[in-house]
Amino acid sequence: MSEAMRTVKFKIYRFNPEVDIKPTMKDYELTIPDKQDMMLLEAILRIKAMDDSLAFRRSCREGVCGSDGMNINGRNGLACVTLLSALKQPIELRPLPGLPVIRDLVVDMKVFFEQYAKVKPYLINDEPPPAKERLQSPAERKKLDGLYECILCACCSTSCPSFWWNPEKFIGPAGLLQAYRFIADSRDTAKVERLEALTDPFSVFRCRGVMNCVDVCPKGLNPTRAIGHIRSELLAEGN
Amino acid sequence: MVRSATSLTGNGVRDWLWQRVSAVILAVYTLFILGFIWFTPQLDYVAWFQLFQGIGVKLFTILAALSLLTHAWVGMWTILTDYVKPAYLRLILEVLVIIALFLYFIVAIAIVWSV
Ligand code: SF4
Ligand code: SF4
Ligand code: FES
């Protein structure tokens, strides 16, 4: 006897700027064994096996590389850690909102990474390096928890209205989380300069506390809290 | 660092602080007026007139009007820089908002001082 099967329905955003004038939503159906569940990414890979013109990014397939961020039924997330059974059908897949579409689910992340680069996301320490390593107490190290885990998937920044309206001026939740990751690092000596670079009305203060970023982060991080910490530091510095 | 000449102070921290401080002043003023309405047995012209004759109330009212000006400008500037992308159109709207707010303020002073 053959196994019972079921059909899963999809609507996927398709746009190839070389030939299409307008984007369209294309219907797909995938037949899978009734009892089987899988991650959304696996389902998309099977769709691609049927229609190899579909473009999307993925790599690690386990929520580590941050490349398969997309808009799933209206909410940003990683396809590789989203269970198919948890989604309402037809499952609507669109590219991350607010960024230029290169093709289908692939977006141009240039402006996102430009904002990330602005916060100088690396340790700055002008003291001579010690023989072995720069030590931290467990308490100092603990301050970086909830910050260093970010995989730069851009789910947060592309769900943030303030980032949609001012992507060149507002650093966005992902960049600000990393800004705070280095402001909070006891080994970093550039805290004052880092804060000074953020005092303008856009870089940090465009955050209106909408908290979409917290809602979507697939790593469970809280950029709004980090932004709050930056704001407190700025006020304490008296800028 | 993003430059912006038209924001209230040109500095995000100060803009943010002014918006909060003015919000607190407006809240206190609102409570004060509500309290007056609530606790005045006979709320008529004479009662209002007497209230606004005090120099303290006059100054507090002007302070509240100033706070409204500050608060509204930070808010309107934020909204305009979010949603109006052509620079010349935004500048026109910004000037209109400033003129309107300024006129409101003049009228507020005129009213308070006429009592
Ligand atoms: S904070 Fe979360 S949602 Fe934002 S880029 Fe990092 S991992 Fe992705
Ligand atoms: S809390 Fe701030 S950064 Fe996060 S989505 Fe809202 S406005 Fe954007
Ligand atoms: S494929 Fe790497 S995070 Fe999903």
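Letters A, B, ... are given to chains in the order of the sequence lines, protein chains preceding strands, and every chain is numbered from 1.
Around atom NZ of B:K58, more than 12 heavy atoms belonging to other residues, nucleotides or ligands sit under 6.0 Å away. For A:K120, the NZ atom is loosely surrounded, since the number of other residues' heavy atoms within 6.0 Å does not exceed 12. Within a 6.0 Å sphere centred on CZ of A:R103, other residues, nucleotides and ligands contribute more than 12 heavy atoms. The local environment of CZ in A:R225 is sparse, with at most 12 non-hydrogen atoms from other residues, nucleotides or ligands closer than 6.0 Å. Atom CZ of B:F36 has more than 12 heavy atoms from other residues, nucleotides or ligands within 6.0 Å. Within a 6.0 Å radius of CZ in A:F113, more than 12 heavy atoms belonging to other residues, nucleotides or ligands are found. Atom CD1 of A:I21 sits in a sparse spot, with 12 or fewer heavy atoms from other residues, nucleotides or ligands closer than 6.0 Å.
Scanning both residues, B:K85 and A:W165, for their nearest heavy atoms gives NZ-O, 2.5 Å. Minimum interatomic distance between B:T78 and A:R206 (heavy atoms only, all atoms of both residues): O-NH1, 3.1 Å.
Each of B:D15, B:N11, B:T81, B:T9 was scored for a side-chain contact (heavy atoms from CB on, under 4.5 Å) with A:P201, with one residue passing: B:D15.
Going from atom CG of A:L235 over to atom CH2 of B:W16 covers 5.0 Å, rounded to the nearest 0.5 Å. In this structure, the separation between CG on B:D82 and CZ on A:F202 is 7.5 Å, given to the nearest 0.5 Å.
Residue B:L8 does not touch chain A at all, counting heavy-atom pairs closer than 4.5 Å.
Between A:F205 and B:W18, the distance separating the two ring centers is not shorter than 6.0 angstrom.
Ranking B:S7, B:G12, B:G10 against chain A, the residue ahead of the rest is B:G12, based on heavy-atom pairs under 4.5 Å. Your options are A:K169, A:E168, A:R231, and the one with the most heavy-atom pairs under 4.5 Å with chain B is A:R231.
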